[in-house]
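All remarks here apply to the structure that follows.
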Amino acid sequence: MPAFELLHPTVQRKLWDMRWTELRPIQADAIEHLLGAQPTDCIISSPTASGKTEAAFLPVLSAIADDPAGGVRAVYVGPLKALIDDQFGRVEELCTRMELPVHRWHGDVGDGARGALLEAPAGVLLITPESLEAMLVRRPAQLPALFGRLAYVVIDETHAFLGTGRGAQLVSQLHRLRVRTGADPIRIGLSATLGDRDAARRWLRRDGRPVRLIEAAAGSPELKLRVYGVWRREPPDAERDAERDAERGAEPAPAASASDPALGEVAARILGSCRGKTNLVFAGSKSMIEALADELASRAKAASLGDEIVVHHGSLAKEEREHAEARLRSGLPCTAVCSNTLEMGIDIGTIDEVVQVSPPWSVASMVQRLGRSGRRPGTARILRGFFIEDAPGPDATIWDRLHLSFLRGVAAVELMLERWLEAPDVDRANLSALVHQLLSILAETSGIRAADLYPRLAESGAFPALTRADLAALLRELGARDLIEQLPDGALVLGLAGIELVEHHGFYATFKTAIEFQVLHQGRALGTLPESLLPAAGEHLLLAGRRWLVEEIDAERRCVHVSPSRGRQPPRFASGQPDVAPSLHARMRDLLLGDAVPAYLDEAAARMLADARAAARQGEIAAPLRLLDDRAVVSLFAGTRVQRTLWLALVSAGQRAHAVADVALEIHAGTSAWLPVLRRFAEAPDGDALAAYAEERLHARTAGAEKYDEYLPSALWRRSYARERLDLDGAAAWAGRLVVDAAEAEAAEAAEAAGAAGTAEEK
DNA sequence: GACCTGCTGCGGCATG
C-alpha cells in the first residue's frame, strides 16, 4: 500500500490542507515501516531539515489518533529546550485537526502547562532527559498514569546522545519507565550525522531486538569549498602594549584594547563575501567568537552596511540567543558568529554561507555545521575556512613551522569530502552516569533490594560493561560515604549524603557545571562568566557582541554589573580540550608527507602547506623516531590517546618526557634510560598502573573528570580511565616499533663507529 | 588558545 494510504484520515486531510504534493522518500519509508505489518525500533537518518520530524510524527500521530488518551502515547526527547520549543510548534501544527493534545515539559515551562498534563495525561509530550529525571525522582507514584500507555519514544539529534553520559541516562530512564509502568514503546532515533550505523543501532536497543535503519539516499547538494590561509605577522596589540608598558616600567593598562590584526583581516574578508546575505561564522572558542564579532561589527558599521552582526554561544542569556535566532530567521542580512550551539536543528531559517574560523575538533562537527547551508532546492552548500597561523619568527621550532592547526583543518576537510566521520564509543562504561542512575533509582523506589538493582541497571543497556562484582564494589564505596545505606531487611536506601545530593536541583543532569557569575546591564541578563576567570572591576569586557566596562562585582549574589563602554577585551572561559581521533592525525601526517595540493586552498593556504612540508622534511617527521644528542623525538600523529598513553608510560617510570602539541613526544634522556621502559611497556602494558599515576599525580579524577567520578571505587575508575582515555594496544604497538627502530639506529651507529675505528687503524 | 547540554518546590511579594 502506498505510504499516504497508510496514514490516518485526519493526518491525510492535514497534509492536503498544508498543500503537500508528495511525501519525501524518507517519510514514505518511515510510514511504511512504522505502520506496516512488523513495526520495530528504527533510526531515521537524513540531512538537517529534510523532514525527519515529520517522517517520525506522521506515522506516530496516525497510530495514536483514534486512541490518544488514558496516558501519554508518544514522548519526544530533545537535547535542547530551544529545540523542544521549535518542535512543539511543528507538532502542534500537525495536530490542529486532531483531538490530540501536545504538551511540553522542561525547566522554562510554567505550572499551568504542567498542571494540564498531570490532570489529563494524553497525546504527545516533548521533554528533556533532565525533566524526565525529575519526574522519575519526584513523581514516581504518578508514572503509571502518565506513561502506562506509552507507545512511541522519538529521540531527536540521536548523535548528540551516542556514547555520552546523557545518552546512558536516557536509555536507563526508558528501562526504568518500563519496569515501573510496563510500557515498552517503539524507539525512533532521528539523526543527521551518524559515524557508525551499527553502533547507533546497538545504542538504541541492546537486547537483541532488531533496529531498522531508514536512510535518505546519498546525494547532497553541490559543495562550494574554499580554504584561506591567514598569516598573523605580528603579536596582537595587547601583547605589544604590554611589552611597551613593561619597557617603560609602567603598569599594564587595564583597559588595553586587545585587537588581533589577523582576526581583523579575517573579519574584513568575511564581510567581503558575506555582505547582504545570511551567514553562520563558527569560531573555535567563545573568546574568539566575541573578539571576531566585535571586529565584524565595527567594520560593518564603518562601511554603513545594513548587515547585522549577532552572537550565539552557550554563555549568553536566553534573550540574547533568541534575538540572534529571530534575526537569522527574519531574512534580513545577518551574520551570526557562533559556537556549536547553532549546530543542532534550532530553526534559524535559510543560511547562505557557512564560515569556519580556526579548525573544528571533529569532522562530525564540521559536517553538522555545513548541513546548515544549501537547504533551498537548487542552491549549493558554501563553506569557507579561514585558518590563522603565526608567521614563523627566528625562534620558531619545527613544530611551529608545521602549522598543525591549519593542517588539522585541511585534514578535517579532506575526511569530510570522503564522508568519513568519528565513531562514537557506545560501549563505554558510563560510570558517572551509573552512579547518577543508581542514586536516582533509590530515590524513585524509596528502597530496593541489591538483587533487584543489578538487573535494573544491567538490563537497561545503558551500562554494557557492568558486572555484579563491579556493582558490589560500587555499593560498598557509596555506603562508606553515606550516600546509601542498607536497612535491616536488606533494602538499599539513600543515606543522608545521598538524600542531600538528590534533593538539590542540580542533581537531574549527568554533567557538571562550574560556578558561574551572571553578567547584568541595568538588571538585564547578558550572559555568564566562570567564577575562576572573572574580570576585575574597572576592566573591559566583550559580551553578546557589545563592549562593556565592569562596574561592580557582587560575590554574594554572583553578579557582575556592567555598563556600555568603548574599550574591548575578549572574555575568558575555562575549558578542557577534546581527544583528536587517530584518523584525523593520520591524515595530517599524510598531508605533510604527500605532495598533492588540494584545489580548494587559496594562495596563502597553499603556501602554508608548502612551508609545513618543507619543515616536515627538515625535521624528518617521516621517521617515527629520531635520536639526537640530548634527546629523542617521536613523531606519532596517532591520536591524542596513544600520545597520552606513551607519555604516561614514560613519566610514570621516572623519564623526562613531554608532549609536543598532541602529535609528538620529546624524551630528554639517552636510549639506555628509556628503551627498557618502552620494552617493558610493549610486552605488558599495564593500564592500571598508568591510571593510578594519572589519578594520584595528575589528579585526573577530579580535574576535568565527570560529575560523579569522585564517588567511584578507585579500581573501577582506573579501569574506565584506561579504557576511555588511553589506548593501550595502540601505544604498546608504537612502543614495540620504537624499540626496534632504536635498536636498529644504535646498531647502525655502532657499525659506523666500528668502521671509522677500522679506517683509523689502517692509517 | 580550545564546545555543549539541564534544573524542583516553595516562600514572598505584587496585582486584579
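Every value quoted in this text rests on a predicted model; they were computed, and no experiment measured them. Every heavy atom of this structure was used, including side-chain atoms; hydrogens, water molecules and symmetry mates were not. We name chains A, B, ... by the order of the sequence lines, and we start the count at 1 in each one.
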Q: Decide, yes or no, whether a salt bridge links A/K81 with A/E130 under the criterion of side-chain N to carboxylate O below 4.0 Å.
A: no
Q: Report the C-alpha separation of A/V663 and A/V580 in whole Å, then their side-chain angles, then the decisive distance to 0.1 Å, and conclude whether the side chain to side chain contact (heavy atoms under 4.5 Å, CB included) test is met.
A: CA-CA 10 Å; A/V663 297; A/V580 170; over 6 Å; no
Q.
Tell me whether the side-chain N/O atoms of A/R408 come closer than 4.0 Å to OP1 or OP2 in B/dG1.
A. no
(Q) Please compare A/G107 and A/S285 by the position of their nearest nucleotide in DNA chain B and report the one closer to 5'. (A) A/S285
Q: With the side chain of A/Q577 defined as its heavy atoms from C-beta on, choose the nearest nucleotide among B/dA2, B/dG6, B/dC4.
A: B/dA2
Q: Rounded off to whole Å, could you give me the CZ-to-P distance for the A/R138 and B/dC7 pair?
A: 13 Å
Q. Given B/dC7, is OP1 or OP2 found less than 4.0 Å from the side-chain N or O atoms of A/T128?
A. yes
Q. Could A/R428 and A/E706 be called an ion pair, given the rule that one side-chain N must be under 4.0 Å from one carboxylate O?
A. yes
Q) Nearest to the side chain of A/T341 - B/dC4, B/dT8, B/dA2? A) B/dC4
Q.
In this structure, how many angstroms lie between the P atom of B/dG1 and the CG atom of A/L292, rounded?
A. 18 Å
**Q.** Atom pair distance, as rounded to whole Å: CZ in A/R104 and P in B/dG6
**A.** 14 Å
Q. Distance check: side-chain N/O of A/S339 vs OP1/OP2 of B/dC4, anything under 4.0 Å?
A. yes
(Q) I want to verify a distance call: between B/dG9, B/dT5, B/dC7, whose nearest atom is closest to the A/H106 side chain? (A) B/dC7
Q: Return the nearest nucleotide to the side chain of A/R114; candidates are B/dC4, B/dT8, B/dG6.
A: B/dT8
Q) To the side chain of A/R139, which of B/dG6, B/dG9, B/dA2 is closest? A) B/dG9
Q: Would you mind classifying the nucleic acid contact of A/G314 as base, sugar-phosphate or nothing, using non-hydrogen atoms under 4.0 angstrom?
A: sugar-phosphate
(Q) Output the rounded distance in Å from CD (A/E516) to P (B/dC7). (A) 15 Å
Q.
Is the ring pair A/H585/A/F637 parallel, tilted or perpendicular, if the boundaries are 30 and 60 degrees?
A. perpendicular
Q) If you find the nucleotide of DNA chain B closest to A/H313 and the one closest to A/M288, which residue's nucleotide is nearer the 5' end? A) A/M288
(Q) Rounded to whole Å, how long is the line connecting atom CZ of A/F511 with atom P of B/dC7? (A) 8 Å
Q) Between A/W203 and A/H159, does the ring centroid distance fall short of 6.0 Å? A) no
**Q.** Nearest to side-chain heavy atoms of A/Y508, which nucleotide of B/dG6, B/dC4, B/dC7
**A.** B/dC7
Q | Nearest-angstrom distance from the residue atom CG of A/D108 to C1' of B/dC7 | A | 10 Å
Q | Spacing of A/E133 atom CD relative to B/dG6 atom P, expressed in whole Å | A | 15 Å
Q: Kindly state whether the pair A/H505 / B/dT8 counts as stacked, where counting means centroids closer than 5.5 Å and planes tilted less than 30° apart.
A: yes
Q. Does A/K81 make a side-chain N or O approach to OP1 or OP2 of B/dC7 shorter than 4.0 Å?
A. yes
Q) Hey, which of A/R176, A/Q173, A/Q169 is the one that makes side-chain hydrogen bond (donor to acceptor under 3.5 Å, both in side chains) with A/S440? A) A/R176
Q. What is the distance from NZ of A/K286 to C1' of B/dT5, rounded to the nearest Å?
A. 11 Å
